[in-house]
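Below: the structure, in structure tokens.
In what follows, residues are counted from 1 in the order of the sequence shown.
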Amino acid sequence: MYPMKLLPVYKNYLWGGKRLREKFGKDSPFPFTAESWELSCHEDGLSRIAEGAFQGRTLKEILEIKGNQWIGSMNRTPGVFPVLIKLIDAQEPLSIQVHPSDENADVNAGEQGKAEMWYIVDADPGASIYYGLKSAISEEAFVAHALDGSICDDLRSVSVHPGESYYIMPGTVHALGGGIMVAEIQQSSNTTFRIYD
């Protein structure tokens with residue numbers, strides 16, 4: 001075995017920007033690139049090996065050959081690579097969203113929960129995230145505010161700066177604001193419940 005460089009998988013969602021190409025030299029085929037999946041065994045964006053004996057094969061293929069030798073014996077979901085690592089360029093704000101826990105993820109669809117951590121790589125002056133609720137709110141009020149567009153008034157807005165980190169537990173309402181680039185380390189899941197755009 002040898003150290004393997006992985007080829008990123010690029011995503012061109014509507015809210016993406018140009019930082020990945022212009023500031024970080026990413027070879028994205030898209031003029032606006034929202035995400036660069038740097039390490040992924042998820043079916044929505046499988047990392048491929050860049051060089052050597054396994055060049056061109058997906059990381060998932062190699063792990064199927066090597067099994068838990070590479071994943072480790074403490075992995076809670078045997079045979080599933082535990083993390084997905086992305087660079088995210090949020091030029092525009094993302095949807096207000098929440099992710100499931102392991103207990104309420106759609107295991108029938110092969111998904112696990114989605115805890116994630118954001119490391120702020122770059123941020124425009126005054127950039128902020130939504131990170132949890134300001135205070136307790138009833139389910140009825142939460143739904144009503146999501147429907148009438150006032151939900152952001154219930155959320156805690158946090159100004160962010162390069163070098164900071166934020167851990168987002170499953171069940172925490174959150175969103176990246178515009179003008180922020182993060183390195184995201186998350187569970188290998190692509191399940192997002194959008195609450196409000």
Going only through I, L, V, M, F, W and Y residues with side-chain contacts under 4.5 Å, is there a path from F54 to L46? no
Approximate separation, where rounding is to 0.5 Å, of E111 CD and T191 OG1: 3.5 Å
Pair K86 + E35: basic N to acidic O under 4.0 Å: yes
Any chance you could pull the hydrophobic cluster mates of Y10, using side-chain heavy atoms under 4.5 angstrom and chaining through other members? F30
Do the side chains of F193 and I168 join up, straight or via other hydrophobic residues, at under 4.5 Å, putting them in one cluster? no
Across all chains, not counting sequence neighbours, the side chain to side chain contact (heavy atoms under 4.5 Å, CB included) partners of E164 are I120, V160, H161, Y166
Please tell me if the side chains of L20 and S28 come closer than 4.5 Å, counting only heavy atoms from C-beta onward. no
Kindly compute the distance separating CG (L155) from CD1 (I129), expressed to the nearest 0.5 Å. 11.0 Å
Please determine whether residues V98 and I151 belong to a single hydrophobic cluster, defined as Ile, Leu, Val, Met, Phe, Trp and Tyr linked transitively by side-chain heavy-atom distances below 4.5 Å. yes
Excluding V9, membership of its hydrophobic cluster (Ile, Leu, Val, Met, Phe, Trp, Tyr; side-chain heavy atoms within less than 4.5 Å) reads W37, L84
Indicate if I185 and L59 have the same hydrophobic cluster label, given that clusters are the connected sets of ILVMFWY residues with side-chain heavy-atom separations under 4.5 angstrom. yes
On a heavy-atom basis, the closest approach of G113 and D102 is N-OD1, 2.8 Å
Between atom CG of L6 and atom CD1 of I49, what is the distance when rounded to the nearest 0.5 Å? 5.0 Å
List, by chain and number, the other hydrophobic cluster members for F32, where Ile, Leu, Val, Met, Phe, Trp and Tyr join if side-chain heavy atoms come within less than 4.5 Å, directly or indirectly. none
Could you pull out all residues at least two apart from S40 that satisfy side chain to side chain donor-acceptor pair (under 3.5 Å)? none
Enumerate the salt bridge (Lys or Arg N to Asp or Glu O under 4.0 Å) contacts for residues 188-197, please, sequence neighbours excluded, ordered by first and then second residue. none
If only side-chain N and O atoms count, and only distance matters, is there a donor-acceptor pair under 3.5 Å linking S189 with Q187? no
S157 vs Y130 side-chain heavy atoms within contact, under 4.5 Å: yes
State plainly whether one hydrophobic cluster holds both I62 and I85, where clusters connect Ile, Leu, Val, Met, Phe, Trp and Tyr through side-chain heavy atoms under 4.5 angstrom apart. yes
Is there a salt bridge (charged side-chain N to carboxylate O under 4.0 Å, His left out) between E64 and R57? Walk through the geometry before answering. CA-CA 11 Å; E64 286 170 354; R57 296 181 80 173; over 6 Å; no
Compare every heavy atom of F81 with every heavy atom of Q112, then report the nearest pair and how far apart it is. NE2-O, 4.2 Å
Hey, can you pull the donor-acceptor pairs under 3.5 Å for the side chains in residues 169-179, sequence neighbours left out?
{"from": "T172", "atom 1": "OG1", "to": "M169", "atom 2": "O", "distance (Å)": "3.0"}
{"from": "H174", "atom 1": "ND1", "to": "Q97", "atom 2": "O", "distance (Å)": "3.4"}
{"from": "H174", "atom 1": "ND1", "to": "T172", "atom 2": "O", "distance (Å)": "2.8"}
{"from": "H174", "atom 1": "NE2", "to": "H99", "atom 2": "NE2", "distance (Å)": "3.2"}
{"from": "H174", "atom 1": "NE2", "to": "E116", "atom 2": "OE2", "distance (Å)": "3.1"}

List the atom pairs, donor and acceptor, that lie under 3.5 Å between side-chain atoms in residues 87-94 and the rest of the protein, sequence neighbours left out.
{"from": "D89", "atom 1": "OD2", "to": "K18", "atom 2": "N", "distance (Å)": "3.2"}
{"from": "D89", "atom 1": "OD2", "to": "R19", "atom 2": "N", "distance (Å)": "2.9"}

Hydrophobic clusters join Ile, Leu, Val, Met, Phe, Trp and Tyr when side-chain heavy atoms are under 4.5 Å apart, directly or via other members; which others share one with L7? none
Take F142 and L133 through the test side-chain contact (heavy atoms from CB on, under 4.5 Å) and record every step on the way to the result. CA-CA 10 Å; F142 186 86; L133 299 168; 4.0 Å; yes
Sorted by chain and residue number, the side chain to side chain donor-acceptor pair (under 3.5 Å) partners of K23 (sequence neighbours excluded) come out as D122
Nearest atoms (heavy-atom pairs only) where A146 meets Y196: O-CD1, 3.5 Å
S188: partners by side chain to side chain donor-acceptor pair (under 3.5 Å), with sequence neighbours left out: none
Give a yes or no on this: more than 12 heavy atoms of other residues, nucleotides or ligands lie within 6.0 Å of atom CG of D44. yes
For L147, look at atom CG and say whether over 12 heavy atoms of other residues, nucleotides or ligands are found less than 6.0 Å away. yes
Backbone N/O of E51 and side chain of Y2: donor-acceptor pair under 3.5 Å: yes
E38 to P8 - nearest heavy-atom pair and separation: OE2-CB, 3.7 Å
Indicate whether the side chain of N190 and that of H42 have a donor and an acceptor atom separated by less than 3.5 Å. no
Who are the side chain to side chain contact (heavy atoms under 4.5 Å, CB included) partners of D153, not counting sequence neighbours? S150
